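Since the structure comes first, as structure tokens, the remarks are kept for the end.
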Amino acid sequence: MSEKPEKLIDKKGLRLDGRKIDELRPVKIEVGVLSNADGSAYIEHGKNKILAAVFGPREMHPKHLSLPDRMVLRCRYHMAPFSVQERKSPAPSRREVELSKVIREALEPAVFVEYYPRSGIDIFVEVLQADGGTRCASITAAALAIADAGIPMRDLVVACAAGKIDDKVVLDLMDTEDKVGVADVPVAFMPNLNAVTLLQMDGILTPDEFESAVNLAIEGCKKIYALQKEALKTKYMNTKEEVEE
Amino acid sequence: MSEKPEKLIDKKGLRLDGRKIDELRPVKIEVGVLSNADGSAYIEHGKNKILAAVFGPREMHPKHLSLPDRMVLRCRYHMAPFSVQERKSPAPSRREVELSKVIREALEPAVFVEYYPRSGIDIFVEVLQADGGTRCASITAAALAIADAGIPMRDLVVACAAGKIDDKVVLDLMDTEDKVGVADVPVAFMPNLNAVTLLQMDGILTPDEFESAVNLAIEGCKKIYALQKEALKTKYMNTKEEVEE
Amino acid sequence: MSEKPEKLIDKKGLRLDGRKIDELRPVKIEVGVLSNADGSAYIEHGKNKILAAVFGPREMHPKHLSLPDRMVLRCRYHMAPFSVQERKSPAPSRREVELSKVIREALEPAVFVEYYPRSGIDIFVEVLQADGGTRCASITAAALAIADAGIPMRDLVVACAAGKIDDKVVLDLMDTEDKVGVADVPVAFMPNLNAVTLLQMDGILTPDEFESAVNLAIEGCKKIYALQKEALKTKYMNTKEEVEE
Amino acid sequence: MSTLVTRVRQRQIGQLIDAGKRLDGRGLGDYREIKVEQGIIERAEGSARVLLGKTEVLVGTKIETGEPFPDTPNEGVQTVNAELVPLASAAFEPGPPDENSIELARIVDRGIRESKAIDTAKLCIEAGKKVFVVFVDVYVLNHDGNLIDASALAAVAALLNTKMPNYEIKDGEVILKAGYTPLPMKSRPITVTLGKIGDKLIVDPWLEEEQIIDARLSIAINDDGNICAIQKGGSGYFTPKQIVEATKIAREKAVELRKKLEW
Amino acid sequence: MSTLVTRVRQRQIGQLIDAGKRLDGRGLGDYREIKVEQGIIERAEGSARVLLGKTEVLVGTKIETGEPFPDTPNEGVQTVNAELVPLASAAFEPGPPDENSIELARIVDRGIRESKAIDTAKLCIEAGKKVFVVFVDVYVLNHDGNLIDASALAAVAALLNTKMPNYEIKDGEVILKAGYTPLPMKSRPITVTLGKIGDKLIVDPWLEEEQIIDARLSIAINDDGNICAIQKGGSGYFTPKQIVEATKIAREKAVELRKKLEW
Amino acid sequence: MSTLVTRVRQRQIGQLIDAGKRLDGRGLGDYREIKVEQGIIERAEGSARVLLGKTEVLVGTKIETGEPFPDTPNEGVQTVNAELVPLASAAFEPGPPDENSIELARIVDRGIRESKAIDTAKLCIEAGKKVFVVFVDVYVLNHDGNLIDASALAAVAALLNTKMPNYEIKDGEVILKAGYTPLPMKSRPITVTLGKIGDKLIVDPWLEEEQIIDARLSIAINDDGNICAIQKGGSGYFTPKQIVEATKIAREKAVELRKKLEW
């Protein structure tokens, strides 16, 4: 176990990894990385390394799970055994079951589910390395995988957390800040629709701090949104090149 | 762990809780206690607190379990984690699986299963607090829940145990008597048909003691039967009042 | 735990149980030993005691596992809890899952699966006592159970291991030789077709040693093949007698 | 109810809410009638039953000894489990916990944990080796909507009702002594759930409302009015403005609900 | 067999029994032929195979060391498991134990436990810490009816055949010594199962009879003729008078079956 | 792809191989392009990613302390697990490991174990009580055929990349010290899989070839060219002659593949 640091923000206002209070960790996104999935994306957000893949729209098995008027989304968020400090059993933990649900519910508002009645899509998220904020990075990647599968969406969904460490509201907590900090507020957002599709909170915040945290997280979301669109464009350009060759 | 008492019957012939040898614990029954179930009942038998609910008759899932010429009964006897001294895991134990089976088989002779071919009912029993004799109290409550669901029955089923403590055959063992005593004989009975639908025995009894125990248990059943019918009548009166208002 | 012997082959070239290097353990086979199975066989190979039974050809459950153009084979290799030194949990181990697969794949080449489209057979193998080489003895017995069920086969499948103990390549390793020895090479064979249908290896062998081991195992197979055919004939004779009586 | 009747009724519920009204006569910000009974399961170390309209939740607590987590060697352990007992609804099936019961348990757990309601530092018997483990078992007995608030309230009520055995330590063994002490509690978090229908927020949605809300937001509020846990659920969204509005409503309603615990 | 043939045959079996006869020529109170073989699995600490007509059950025992139960710190542990092995019947499926195999195991267990057949006090190695655990694994190899009696008989036969390792204790560790001692046994309970068809009781119902009986009653009888466990099964009932009659028959048949163990 | 197209294509693949050619231009004895990247998961004690054509496998290792097996009290423990992650193929479903992932794990495990690749004697902390446990988790990320060779190669690459924490023992407790040591390795086994189509053997079958091969043979070859593990798979057979031929090819290809580890 690593020791708990006394201070998470130094005198210059910088955090353990040198970031400013409202600064994101480096984010790297790639779309269309897996050949068998209908859509896929890979994200590195800080030291998080996450793969997302989408299969479908396809027939549901078992059939009785399908719905006559809409497409069903299923989602599995899963951590690789080697993604964390202590080896994680591959069997899904209660935390993974809950996160699978909230991630699905964060993505669902973006999808035109009524276009594909009686069918379903499966969204698989694999956390290859975890560094705090995996649910947010998972949503960012999964939304791109859905788009990459050619499924019509109202908007991309992008996610980022804000939180409180020491006595400050800060953007995008990394692992140690998440564990030692005061509060964590993950937010998923559809920028074009001004819609929050995931909101959770752990810890203690005053109402004002909470409002600041939500706003800061949304600012972070908007920055990552630009990277999402960039990654989609890159994929599209490459595909176009391949076709034109 | 509580210490084992040396004597379960005192010089006056009274038991640890002051009861006489052939005396029942206090029994309180209420019918129609849950709004979502098709039928339900609640029983307090001594310190046992048990809820029973019935759903159906309804289509069976999976369908291949249904029968062309009769209704299928399913039963789940389950103990709440906080119902016993040491917390019980919510996963069904082997004991709970066995009791689910014998309770189902104790109720089945009372139900006109041939009236509802291709359908099924689910009987759910939840022991909220256990005090010895839960299977008997469960049957007493479950039979009422079936009746409350409007399912035609040959008779109610009522259950009560007799047993041997110290050197006497006694009625209705409570927790300590069950654990420290010599033998326990739970009996379920349909009084109008003179039919024993559950019979188990643990411990050692001579043939004569066994016969006395069965007869004593049946006497106990008959007393509780009166309370069962009272509870049904109360439910019916209340419903009637509601309708007439 | 028994202690590890220093030498597995003595000066006379004899093994711990007095066998010569290329000598099989005693093998006893009986066909048609279970009345409810469609086909069955019992084998004692050394101290291995193994029952195999076949049910089918019959409809598959669940149906979606069936194939339009062929019969499906399913196989379960399972060890009785009391079959080994330390009690084995009855839940299937990873080893049992793997062996179920390789045994199935060793038997499948012998069966005219195309004769029974949309149907399946279940092959159940129960190891009542284990003594090294259970997978081979299981295959030998299971092939007979398939034949006993009247399912058309290209040839019987027979299996036997060779291996290396001390510095010699030897036939048919028993328990201690398997655990302490250098390498084990189980082989399943269809003699009429010169076809190896199971081949595994543990341990370290030079290419030459490996080739010798495979050839020696095949020699062993051929000897057991004669006993297999004898057992089938005995079953057939008895059945004929019964019919003629 | 047939599907057609259901749809007509759902439209009606939606239209009423649009007009600021509810089918059962409540205002948008009103809870159904709430009853809290504490101490009804004598075998449990603590217990409480909450009736929220027809929604009924029973919570029992058990206290056992166990090992602390490696990163908090001086603190007792809190563990919350929720069972959607099949007699509570035709929609609940027996079997291992599904995502709904796991989410419910984790929301209840987080409300208690993040508000530091249990003084876990006082539950340490021997640092790094032996601590008290508090099991909180949420038992949903009748489902008529808003299980989260009913469960969270019943859990805190049961904890406030929980007694710990007195003990002393002899030769590293825990020896129980006569008498009991109340479980040391530091706060009483209240969870308030709001549903969003169109641009309206409603408090305490009941079963039929739950079927038509776009999304829900469950907000745990501490004794001092601070926010200590949030969970958004459902396949819809909230605007940032609605979120701020929801926290305001939650803080007001929490004061109201917390009074039920002072009975 | 087609359903029609089955029904005709079932009616025939029923009519015969009504007339005091059985399809296979037995009287109502007769067992099928019984064979008991002990000690056939050398790797097991004890074993026995019972053939009851075509019903075949193999029981193996294993002895290991383990912890005693907290409420019986000075006693060894007995644990019974039953597997309805899929090769025994087309109706048995592989997988975790279902209610039938669990009930079978618990009936066999209760017969042995309640009659105090195993002298568990002699299986204590170190009070409260280490005792011998006796695993009794019931393995049903062919199912032709009345698995309960065959399994119970095979279990007792296997226990009578069980050898315990000699040992001494050095520095709290169990050291195995040469040689074996028989497992200490105090009684030989026999379980007798009766089926009820209409107002008739039959002993040892075989597979086809099991399909038409209203209910069954399994009664464990101790060496001294006392009753030590009972289990009613099936969806029918017994009258109180039938129950008394059944115990009488069971006591008689138990004497007969127990002789199979004296071989 | 429609079934008809699939069949036409399969016939084409088969005919080409019969003529000594492959659809993707490879010779029968050629591997697809192989890329090995080591150390890409910083949180893991070791890791490697192997690309075999489009087949992608990630292996991570973790090192923890645990108990040795009773029969090897002085040796560390190696344990291999394989997950056919559902994003790797529409044919993979989430859930507990099926027979394919268990077989894959056991083949990878056997290659490492039987070649004594890990020097387990150096992983003993306290004989009989505490040893290092090496977890090797095989994570299949994209399935385009021949998972066995890709997984086995990635596993060895990850082990070669694995660092062990430095430690000292104080009062029976393991105290971690600064710095790391490479995991002690004694050999680098390479597994080569051959498919049989008719009387032809092909190396490294990809997904579409896997669907038409009669059987496969996976052969693990040690640094010195000896054979250390074999697994036949699939519903077909090999002649004894083909087996000998296969081992020859495997020994040649192993030399080629092992070079990928020396990067």
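Computed from a predicted structure; not experimentally measured. Naming convention: chains lettered A, B, ... in sequence-line order (proteins, then strands); numbering from 1 in each chain.
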So does E/Lys163 have more than 12 non-hydrogen atoms from other groups sitting under 6.0 Å from NZ? yes
In terms of heavy-atom pairs under 4.5 Å with chain C, the winner among E/Ala91, E/Ser47, E/Ser89 is E/Ser89
Is any side-chain heavy atom of E/Val59 closer than 4.5 Å to one of C/Phe82? no
So with a 6.0 Å cut-off around CZ of C/Phe112, is the heavy-atom count from everything else above 12? yes
How far does CZ of E/Phe135 sit from CD of C/Glu86, to the nearest 0.5 angstrom? 10.0 Å
Heavy-atom contact with chain E under 4.5 Å, split by part of C/Asp131: both
If you count heavy-atom pairs under 4.5 Å between each of E/Glu64, E/Glu42, E/Glu45, E/Glu83 and chain C, which one has the most? E/Glu42
Donor-acceptor contact below 3.5 Å, side chain C/Gln85 vs main chain E/Arg43: no
Within a reach of under 6.0 Å around CD of E/Glu67, are more than 12 heavy atoms found that belong to other residues, nucleotides or ligands? no
Taking everything shown except E/Lys186 itself, do over 12 heavy atoms lie less than 6.0 Å from its NZ? yes
NZ/E/Lys54: more than 12 non-hydrogen atoms of other groups inside 6.0 Å: no
Is it the side chain or the backbone of E/Leu141 that comes within 4.5 Å of chain C heavy atoms, both, or neither? both
Where on C/His78 is there a heavy atom nearer than 4.5 Å to chain E: the side chain, the backbone, both, or neither? side chain
Under 4.5 Å from any heavy atom of chain C, what part of E/Ala88 do you find: side chain, backbone, both or neither? backbone
Comparing E/Asp137, E/Thr61, E/Leu207 against chain C, the one with the most heavy-atom pairs below 4.5 Å turns out to be E/Asp137
Of the listed C/Val54, C/Val125, C/Val33, C/Asp175, the one with the largest count of heavy-atom pairs under 4.5 Å with chain E is C/Asp175
I need the residue from C/Ser40, C/Ala37, C/Pro90 with the largest number of non-hydrogen atom pairs under 4.5 Å to chain E. C/Pro90
Can you tell me which of C/Ala53, C/Pro81, C/Ala145 forms the most heavy-atom pairs within a distance under 4.5 Å of chain E? C/Pro81
Side-chain heavy-atom pair E/Pro86, C/Asp122 within 4.5 angstrom cut-off: no
Distance in Å, E/Phe92 CZ paired with C/Phe55 CZ, rounded so as to fall on 0.5 Å steps: 9.5 Å
Among E/Pro96, E/Gly95, E/Ala44, E/Pro94, the residue with the most heavy-atom pairs under 4.5 Å to chain C is E/Pro94
Considering residues, nucleotides and ligands other than E/Glu93, do more than 12 of their heavy atoms fall under 6.0 Å from its CD? no
Taking side chain as everything from C-beta outward and backbone as N, CA, C, O, which of these in C/Arg87 sits under 4.5 Å from a heavy atom of chain E? Side chain, backbone, both or neither. both
Counting only heavy atoms closer than 4.5 Å, note whether C/Val84 contacts chain E via side chain, backbone, both or neither. backbone
With no hydrogens and no angle check, do the side chains of E/Asn142 and C/Ser35 hold a donor and an acceptor under 3.5 Å apart? yes
Between the main-chain N or O of E/His143 and the side-chain N or O of C/Asn36, is there a donor-acceptor pair closer than 3.5 Å? yes
Checking heavy atoms, do the side chain of C/Ser83, its backbone, both or neither come under 4.5 Å from chain E? backbone
C/Ala91 portion near chain E, given a 4.5 angstrom heavy-atom threshold: neither
How about CD on E/Glu33, more than 12 heavy atoms from neighbouring residues, nucleotides or ligands closer than 6.0 Å, or not? no
In Å, rounded to the nearest 0.5 Å, how long is the span from CD1 of C/Ile123 to CG of E/Leu87? 12.0 Å
